[in-house]
Amino acid sequence: MRKLAYRQALNEALAEELARDEDVFLMGEEVAEYNGAYKVSVGLLDKFGPKRVIDTPITEAGFAGIGIGAAMVGLKPVVEMMTFNFAVLALDQIMNTAAKMRYMSGGQLSCPIVIRGPGGAAGHLGAQHSQSLEQQYVHIPGLKVVMPSTPYDAKGLLKSAIRDPDPVVFIESELMYGWEGEVPEEEYLIPIGKADVKREGTDCTILTWSRMVHVALAAAETLAEQGISVEVVDLRSLRPLDKDAIRASVKKTNRAVVIEEAWGWASMGASVADFVSRDLFDFLDAPVGRLHQREIPMPYAYNLEPLNMPNEERVIEAVKRACYVD
Amino acid sequence: MRKLAYRQALNEALAEELARDEDVFLMGEEVAEYNGAYKVSVGLLDKFGPKRVIDTPITEAGFAGIGIGAAMVGLKPVVEMMTFNFAVLALDQIMNTAAKMRYMSGGQLSCPIVIRGPGGAAGHLGAQHSQSLEQQYVHIPGLKVVMPSTPYDAKGLLKSAIRDPDPVVFIESELMYGWEGEVPEEEYLIPIGKADVKREGTDCTILTWSRMVHVALAAAETLAEQGISVEVVDLRSLRPLDKDAIRASVKKTNRAVVIEEAWGWASMGASVADFVSRDLFDFLDAPVGRLHQREIPMPYAYNLEPLNMPNEERVIEAVKRACYVD
Amino acid sequence: MPAKTTATDSATKAPASRKKSNGTQEWLDPKSAAKARKELGDDKIVEMYQSMLHMRRFEEQAGRAYQMGKIKGFCHLYIGQEPVAVACAEALEERDYMVSAYRDHGHALAKGMTGNAVMAELYGKVDGCSRGKGGSMHLFDVSKKFYGGWGIVGGQIPTAAGIAFAAKYRDEDAVTVGFLGDGSIHQGVVHETFNMAQLWSLPVVFIIENNRYAMGTELKRASSVENLAVKADAYGMASATIDGKDIFKAYFGIKEAVERARGESKPTLLNIDTYRFRGHSMSDPANYRTKDELEAEMAGDPIVRLQNWLVESKIRTLDEIEAFDVEIKADVKASLKFAEESPQPDVSEHEQHIYVDWSWDIE
Amino acid sequence: MPAKTTATDSATKAPASRKKSNGTQEWLDPKSAAKARKELGDDKIVEMYQSMLHMRRFEEQAGRAYQMGKIKGFCHLYIGQEPVAVACAEALEERDYMVSAYRDHGHALAKGMTGNAVMAELYGKVDGCSRGKGGSMHLFDVSKKFYGGWGIVGGQIPTAAGIAFAAKYRDEDAVTVGFLGDGSIHQGVVHETFNMAQLWSLPVVFIIENNRYAMGTELKRASSVENLAVKADAYGMASATIDGKDIFKAYFGIKEAVERARGESKPTLLNIDTYRFRGHSMSDPANYRTKDELEAEMAGDPIVRLQNWLVESKIRTLDEIEAFDVEIKADVKASLKFAEESPQPDVSEHEQHIYVDWSWDIE
Ligand SMILES: Cc1ncc(C[n+]2csc(CCOP(=O)(O)OP(=O)(O)O)c2C)c(N)n1
Ligand SMILES: Cc1ncc(C[n+]2csc(CCOP(=O)(O)OP(=O)(O)O)c2C)c(N)n1
Ligand SMILES: [Mg+2]
Ligand SMILES: [Mg+2]
C-alpha cells in the first residue's frame, strides 16, 4: 500500500471533506497563504480558494468563537490551532460555548466544529511550547477528543470528526507530522470512540495514545526479545473512551500500564488507570502501572529535556514492574 | 469558641495579611466599592484604601496578568476571580506565566500570588456558572491548589497562601460562604499540603475536599447509625497532596471512596482514586469507590439540577458498595 | 398626566429636561418622531409601545415571581432599557439573527419569542424556550433566529460575528446583531472579534447597551474613555452614539447600522445610552447609585415618554392606552399561569442533548 | 562606500530613497542627528553603533550555530530591528524594566546582558542567563531588570503592565517597557491591558515593533487598520508612529514616551516601523516577501546608515569602524566559545526551581 506522512494524510482528509461538503471550511493562523505552519494545509488555498481556506489574525479566542458561531448555524468549520499550547486562550469558547450549546438550548442547537492542531512536545522549545494539554478537553461533557497515532488513523478519524454533529477536539502531534505510514487510495472513515490494538500480546496491556503508541511499540519489541509479550492498545479516542476494548485486553493479560506524554495529575492517564483499577479490580494481578511526564515544566536544556519525558527504557521498566519481573 | 461564617473567616485572613504586609494588595471585580460580589472583601476598602483594594474592569486575563507581573517583582497580590467559571479566561496567564516563571528563569523569579474566588455549583445558575474546574490547576506543575471546607481552614490556609512564595490557586465555595464554624480569636496558620481527618472511622475512608466534606460527614453520621464507621479525610490541599494522610487512613480502613463535585474524567478525584488503587494495592479489600458530578452540563431545571450532583444518599450507596454491604 | 397608567417603575412627574420652547414638555425628539410616523406609521408605533409595555409588565411579574421563590438563581431584569430591544427588532427582518447575553428577556421577546416560552424557561419548565434546561441567562429559539443567552461576559460577541460570517458565507442577506454591556466591552475577545469583523467585513451590528453600570462599577471606573463609540476607531469600524431612551432615535440609529450591514456587509459599533431601573440582578440592592440619579432617570421612563407622546399626538387616547395595559397585564398573567402549569422536564431529559447520540458509556 | 565592513545582511548599495538636495545620500534625519550629537554626544552615539553591530554579529553567529545544529528549537533573529532595542535601552535608566517576547536577543543585549550569558542560554548551558532552562524565547536577568522572554503571543503585555503597577505602587520612579509585534497587537489580553494601563495611569511604554509581518501574514491581512497607532485612541492613550530604522528618530521618539511615563505616570503606545531581514525563525524561508522588497529594505540597513553617517560626519573613520567590527567579531566568537565550553546544567537542576521548596512528593 502507498505510504503517506502523517501531515499528508491529514491534508488528504481536509481536501476530501472540503470537496465533499460546501459547508466545510478551514480557518486558522497561516493555514492559507503560508500553507500551514506545519504544512498540514498545503495546497488547500489553491484548490478551494480564500472563501474556504482562511488566514486569521493571532486571536485564538476570537476565531475559535467565530468558528463556533458559524457551526451553531450549520456550517462545519475546521479551526486550526497553530499548537494546542495556544488553544488555552480559546478554552472558554470551546468549553462554555461549543460544548454546552446543545444542552443549554434544550437540543435546538448543535456545534459541528473541529478544533485541530498539534499537541505535545516538539523539541527544545521550552516550557510554554511543549505541553500535552488534552486533559483540559477530556474533562468537558459535550466535547469529543481524538488523538490519532498513525497516518491511517489520522485521516480516517479526521474525516469522521469533520462529519460529526458535535464539537471534536482533534489533537495531532508536532513530532509525528513527518512520520510515514500506509494509507489506502480509496476513501475510508474510522469511527470516533473505537480503540485499536496496535500489537497483540498476552502478558501485559499498554494503554496509550498519540506519539506514545510508538514508544510503546518499540518497548514491546524489546520486551518480546526478553520473553514478555505486550499488547499495545491505542485508545485513539479519549472521549468517548472504548472501555470494552480496554476490558477485553486487560481481562486477557491481567496487567496494565498506562502511558501518556502529559503530566500525571488530573490527567487522562490517571482516569484510564483509575478505570482499570476499579472496573477490572478482580482481573488485575498487579497494580496498574503508569508513566507520564515528570511533574516539571519542560526544560530547554538538551540534557534535561529528555529526563522529563516517558521513553522506551522507562516503558520497559514500567511493564516489568507490572509483570513482577526482576 | 466564637463562630464565624466562611466569608468572614476569609475576610479576616485578608484583613490580617493586608495589615501585616504592605506588599499585599487585593484586586478584582467589585472587590472594593461594592465590598465584593459575595461580600468576602467587606470593609477592606475602608480599612486599607484604594491603593491596596482595587476594583478592576471585567478583564480576567488582563488583571490576572497584571497581578502576576506585580508578583514577579515582589508584590504579593491577591487576585479575586468573581467565580472560577470566569478564571478560565485567565488560565493562560496562570499556567504559562505564574506557574512557569521560576523554572524558566532558572530560579531568578518567583510569583507569590494568590488567585482566589468561589468555585463549584451555586444553585440554579445553569451550565456556564456551575462548574468545578480545579482540574485545570491541579494538573499544572508550579501551581499549588487549595480548597478549604470550613471557616477555620479557610482562614488559616488563606493566610498561608498569601505568604507562600509560589502561586496558589485558592478555590472557595459559593454555597459555603454563609456557613458558620469555629474560628479562634488569636492568629494561626495552617500549612499548605496537610490533609485533615474531619471524622475518624474504621470501616471505610472517604477522601474529599471543599463542600463535599460536609456531604460526606452527613453521610457518615447516617452510616454510623447503620453500624458503618466512616473516616472522612479532608484533603484541603490538592497540590501538594498529603499522601501520607491518605495512606494512614486507608491502611487502617482498607476501603476508600473518593468524592468530588467536579466531572469525573481527568479530574482530581480520578487522580486520588488512581493513587490509592496503585499505591495501596495490597491494602484494599475492595475497589476504590468514586462519586462525582454526572458527565452532563449543569441543567437549570430545578428538578434536574440535583440529579447532576453527588449527594448524601449517593455517598451512602458508594460507601456501602465499597464495604460490600447490601 | 395621570399616574395610574404609568409603568410601575417610573415616577409620575415628567422628565425635568426636554422643555419645548413654549415651556411645555417635549416627550420625544420631534424630528425623529415625525419621520417615524411617516416611515413606520402610527399603528406600528403603537405596536412598539405595546411590546415595550409588555416587556415591562412581563419582567415586573418575573421579579415578583422571583421574590416569591418561584424563579431562582440569577434574574437580570431589563426594565428601563426596553426601547433598545424594541427598536432593534423593528430595524431587523425576521431572517436576521440576534445574540444577547444574560440580560436577555427583552431581546428574546422583541425577536418574537412568546411570553409563555420565556416565562416557562425562567421557571425551568419543559415548555420553556430551552426546555427549562437553559434558564434565564440561556434563552434560545432557533425558529426566531434568537441565539442566546450567554453567561460569560463578552463570550457572545465572537458567536455573533460567527453567525454573521456564516450568513455571508451562505449569501443569506441576513444581518446579525450582538448585544453587550458597557462593562463587557473591555473583554479581550470582544476586541479580537472587532478586528476580524472589520477585516472580513461581516454583516454584524454590535450594540453596547450602555446603562453606565457594570454591576456596581460605574463606566468611568472601568473604562479609560467616557465615550465607548471610540472603541470602533481602533478598527476603522463605523460607529455611533445613540439615545436609547428615545424609541425613535434608537430605531433610526440602529436602522442605519443594519442597512450598512445588509447593503455593504460592514460592521458597526453602536454605543446606546440607556439605563436599568432595577439592580444588576434581583439580589443587587444597587446602593452604588444615588436616589436622585435613579429618580431623575425614572422620571424620564422611556415608556411613559412614548405613552405621553402617543396621547399628545392624538394617536391613541389615554383610555385606549389604559386598555392596552389591562390586556397586557392579563397576557402576562396568562404567561405566568402557563409557566406555573407547565411540567418540569421529564427526568429522562437530564441525559438528553449532551451529544447528538449519547449511547456510549462515559461514566 | 566599501563593501567589506557593511553588515553581512545588508546590500552594499545605499538606500535608493533619501537623497540630499545636492543629490548625495542622506543617511539619517539631519535634525535628529544634530540633536543627538548635542544631547548624547558623539562617543555615546558610537557606543550605540557598537551595540547595534554587536547584536548583528551576535545573531549572525547564533544563526550559524543553529545551522550547525548547536542551537536547537526555535531561534527568532532580530536582525534588521537593532535600532529599536538600542534606542530604547538608551532612553531608559538602569532601574527601568524591560519585557520582551520570543524575539528577545536584541532586547536582552541592549538592557545590558552579556553576549556570553545570552549565547550560553541559546546553547542550553548552565551559564546561560536562565541557567539553560529557559532557552532562546525565555531570557531573564533580574539584576538587569530584564523580565523575559515569552512564548505566548501577547502574554507578556499584562506582565509589563503589572511590573509598572508594582513600580508605581512602591514609588520606584521606574518605567517599564513592553515589546510586542504587529501581529501580537490583536490579542485580546493586550487590549484589556491597554484599558487598565490608561485607567490606572501606569508608567509603561508599549512598543509595537512593526516589522509588517507576523510569520507569513502581512500586516494588512491581519489588521483592519493600516496604522497601528490608532489602537491607542480606543483608550485615550498617548501614541506615536516612529521611524525605527533611523536610530536617532527612534531614540527621541521613545525618549518622549519614557518621559511621559516617568514624569506623568502615563502609558504610551508606540508604533515603530522596522523590518526583519531574516525569516520569522530559522526554519522560515520567508517566501511571502518579494526579493525586491527585501533588497530595498536591506539597502537601507540601519547599521550601514549609521556607519556611513558616522564616517561622513567625521565622527569616526572607516578604519576605526572596521576596527570595531574586528573587536566585536572577536567578542562574539568569545561568547560562542564561552557557550560551547559552558557545561550543561547538572541533572540535579532538572528538579530545581519548580517551587521554592519541592520536598513534598507529587509524583
Ligand atoms: C467573564 C465574566 N466575568 C464576570 C462575570 C460576572 N458578571 C456578570 S454581569 C457583570 C457585569 C456586566 O456589566 P455590563 O457589561 O455593563 O452589562 P449590564 O449588566 O449592565 O447589562 C459581571 C461582572 C461574568 N458573568 N463573566
Ligand atoms: C498565542 C500564540 N499564538 C500563536 C503563536 C505562534 N506565533 C509565534 S510568533 C507569531 C507571529 C507574531 O508576529 P508579530 O507579533 O508581528 O511579531 P514578530 O514575529 O514579527 O516579531 C505566531 C503566530 C504563539 N506563539 N502564541
Ligand atoms: Mg452596564
Ligand atoms: Mg511582526
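Quick note on labels: first sequence line is chain A, next is B, and so on, each numbered from 1.
Contact of C/E349 with chain A is made through the backbone alone, with heavy-atom distances under 4.5 Å. Only the side chain of C/L199 comes within contact range of chain A, with heavy atoms under 4.5 Å apart. Proximity to chain C (any heavy atom under 4.5 Å) is restricted, for A/Q93, to the side chain, taken from C-beta onward. Proximity to chain C is absent for every atom of A/F275, based on heavy atoms less than 4.5 angstrom apart. Using a 4.5 Å cut-off between heavy atoms, C/I354 touches chain A through backbone and side chain atoms alike. With a threshold of 4.5 angstrom between heavy atoms, C/F194 does not approach chain A through any atom at all. Proximity to chain C involves both the backbone and the side chain of A/S105, based on heavy atoms less than 4.5 angstrom apart.
In the model, A/Q135 has no side-chain atom that pairs as donor or acceptor with a side-chain atom of A/W265 under 3.5 Å. No hydrogens or angles considered: a donor-acceptor pair under 3.5 Å links the side chains of A/D234 and A/S149.
For the pair A/K144 (side chain) and A/A161 (backbone), a donor-acceptor distance under 3.5 Å is absent. Of the possible polar contacts, none joining the C/S265 side chain to the C/L202 backbone as a donor-acceptor pair under 3.5 Å is found. A donor-acceptor distance shorter than 3.5 angstrom exists from the side chain of C/E121 to the backbone of C/S130, with no hydrogens or angles considered. Listed for the C/Y66 side chain is a donor-acceptor partner under 3.5 Å among the backbone atoms of C/G73.
Taking the six-membered ring where tryptophan is involved, the planes of C/H280 and C/Y102 are tilted, since the angle between them lies from 30° to 60°.
Top candidate by heavy-atom pairs under 4.5 Å with chain C, chosen from A/I58, A/I66, A/D244, is A/I66. Highest contact tally toward chain C, considering only A/P167, A/G142, A/A61, is held by A/G142 [criterion: heavy-atom pairs under 4.5 Å]. For chain A, the option among C/Q156, C/M137, C/R170 with the highest count of heavy-atom pairs below 4.5 Å is C/R170. When each of C/V99, C/I152, C/L139 is scored by its heavy-atom pairs under 4.5 Å with chain A, the top score falls to C/I152. For the options C/T193, C/D357, C/N195, C/D141, heavy-atom pairs under 4.5 Å to chain A are most numerous at C/D141. Interface check for chain A: of the options C/V356, C/I163, C/T159, the most heavy-atom pairs under 4.5 Å are formed by C/V356. Most heavy-atom pairs under 4.5 Å with chain C: of the set A/L109, A/I68, A/D23, this distinction falls to A/L109.
Taking the centre and axis of the six-membered ring of C/Y97, the NZ or CZ atom of C/K145 falls inside the cone set by 45° and 6.0 Å.
Residue C/K144 comes nearest to C/M113 through the heavy atom pair CG-CG, 3.9 Å, listed as atom of the first residue, atom of the second, then distance.
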